[in-house]
Q: 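Okay, handing you the structure first.
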Amino acid sequence: ESITDYTLVECMRGGEVLLGLKKRGLGVGKWNGFGGKVEVGESAYEGAKRELREECGLEAEDLEWRAMLLFTFRDSGKLMRVHVFVADKFKGEPVETDEMRPMWFHKSEIPYADMWADDLYWLPKLLAGDKFMAWFDYMPGGEHTNKVVDSLLVD
Ligand SMILES: CN1CCN(c2cc(NC3CC3)nc(N)n2)CC1
């Protein structure tokens, strides 16, 4: 099957991270960073900025690439590649949209029980400042094995 590229933006401000409650589509009912599919003709960086703006109205001045998450789904044979960025410089306040209800969470109070199961494995690394790649191999029963590649020595 083919691979689909997605973006995910984690906005940070004074020990807090901005998450949105997904109101429809993939991951509805889960808290997550902001993002979506990378469209034809745009870079992941541009797609990340666009989705952040569309989903909560925040204009990120600068995004830093920090992780790539590969998801393989054994049942469908689909591949999902998520490019994760961190933003700590942005203009405006987040607003609720049809897609997302934004809320700031202290890093020690991330609602993992209401997020994608994989977040528990990689979000702490991201919040610790690491750069890394991870692979989550989802089995039909929803279980997954996870292999987090050690931090990338890139800067
Ligand atoms: C709109 N996109 C969808 C993909 N995505 C994911 C996926 C994900 N797990 C994968 C099993 C689905 N886990 C997080 N945290 N985000 C970013 C947002």
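Owing to the predicted nature of the structure, the values given are computational and were not obtained by experimental measurement. Counting convention: from 1, in listed order, for ligands and their atoms alike. The basis for the numbers below is simple: all heavy atoms, side chains too, and nothing from hydrogens, waters or symmetry mates.
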Q: Using a heavy-atom cut-off of under 4.0 Å, does the side chain or the backbone of Tyr138 touch ligand 1, or both, or neither?
A: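 Only the side chain of Tyr138 comes within reach of ligand 1.
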Q: Examine the proximity of ligand 1 to Phe34 and report which part, side chain or backbone, both or neither, has a heavy atom under 4.0 Å away.
A: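 Under 4.0 Å from ligand 1, Phe34 contributes no heavy atoms.
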Q: Pick whichever of Asn32, Asp118, Leu19 has a heavy atom sitting closest to atom 17 (C) of ligand 1.
A: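 Looking at heavy atoms only, Asn32 sits closest to atom 17 (C) of ligand 1.
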Q: Any side-chain to backbone donor/acceptor pair from Lys37 onto Glu39? Under 3.5 Å, distance only.
A: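 No: the side chain of Lys37 does not pair with the backbone of Glu39.
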Q: What residues form a ring pair (Phe, Tyr, Trp, His ring centres under 6.0 Å) with Phe71, not counting sequence neighbours?
A: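 Phe71: ring pair (Phe, Tyr, Trp, His ring centres under 6.0 Å) contacts with Phe136.
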Q: Considering non-hydrogen atoms of the protein only, which is the closest contact for atom 12 (C) of ligand 1, and what is the distance?
A: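 Ranking protein heavy atoms by distance from atom 12 (C) of ligand 1, first comes Trp116 CZ3, 3.4 Å.
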Q: For Tyr112, check ring pair (Phe, Tyr, Trp, His ring centres under 6.0 Å) against everything at least two apart and list the hits.
A: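 Testing Tyr112 for ring pair (Phe, Tyr, Trp, His ring centres under 6.0 Å), a comparison that skips the adjacent residues, returns none.
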Q: Is any NZ, NE, NH1 or NH2 atom of the basic residue among Arg50 and Glu59 found under 4.0 Å from an Asp or Glu carboxylate oxygen of the other?
A: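 Not counted as a salt bridge, because no side-chain N and carboxylate O are separated by less than 4.0 Å.
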Q: Going by the atom numbers of ligand 1, which of them fall below 4.0 Å from some non-hydrogen atom of Leu26?
A: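 Heavy-atom distances to Leu26 below 4.0 Å select 3 (C).
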Q: At their closest point, which heavy atom of Lys23 faces which heavy atom of Thr97, and how far apart are they?
A: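 That would be NZ-O, 2.7 Å.
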Q: Is Glu96 salt-bridged to Arg101, cutoff N-O under 4.0 Å?
A: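 Yes, Glu96 and Arg101 are salt-bridged.
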Q: For atom 2 (N) of ligand 1, what's the nearest protein heavy-atom neighbour? Residue, atom name and distance, please.
A: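 Going atom by atom, the protein heavy atom closest to atom 2 (N) of ligand 1 ends up being Tyr6 CD2, 3.9 Å.
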Q: What protein heavy atom sits nearest atom 15 (N) of ligand 1, and how far off is it?
A: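 Atom 15 (N) of ligand 1 sits closest to the protein heavy atom Asp119 OD1, 2.7 Å.
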Q: Determine, using heavy atoms of Trp122 and all atoms of ligand 1, whether some pair is separated by less than 4.0 Å.
A: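 Yes.
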Q: Record the part of Leu69 in heavy-atom contact with ligand 1 below 4.0 Å; permitted values are side chain, backbone, both and neither.
A: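 It is neither part, as no heavy atom is under 4.0 Å.
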Q: Please answer whether the main-chain N or O of Asp130 pairs with a side-chain N or O of Arg66 as donor and acceptor at a distance below 3.5 Å.
A: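 Judged by distance alone, yes, a pair lies under 3.5 Å.
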Q: Look at atom 4 (C) of ligand 1 and say which protein heavy atom is nearest, naming residue and atom and giving the distance to 0.1 Å.
A: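 Its nearest protein heavy-atom neighbour is Met80 SD, 3.8 Å.
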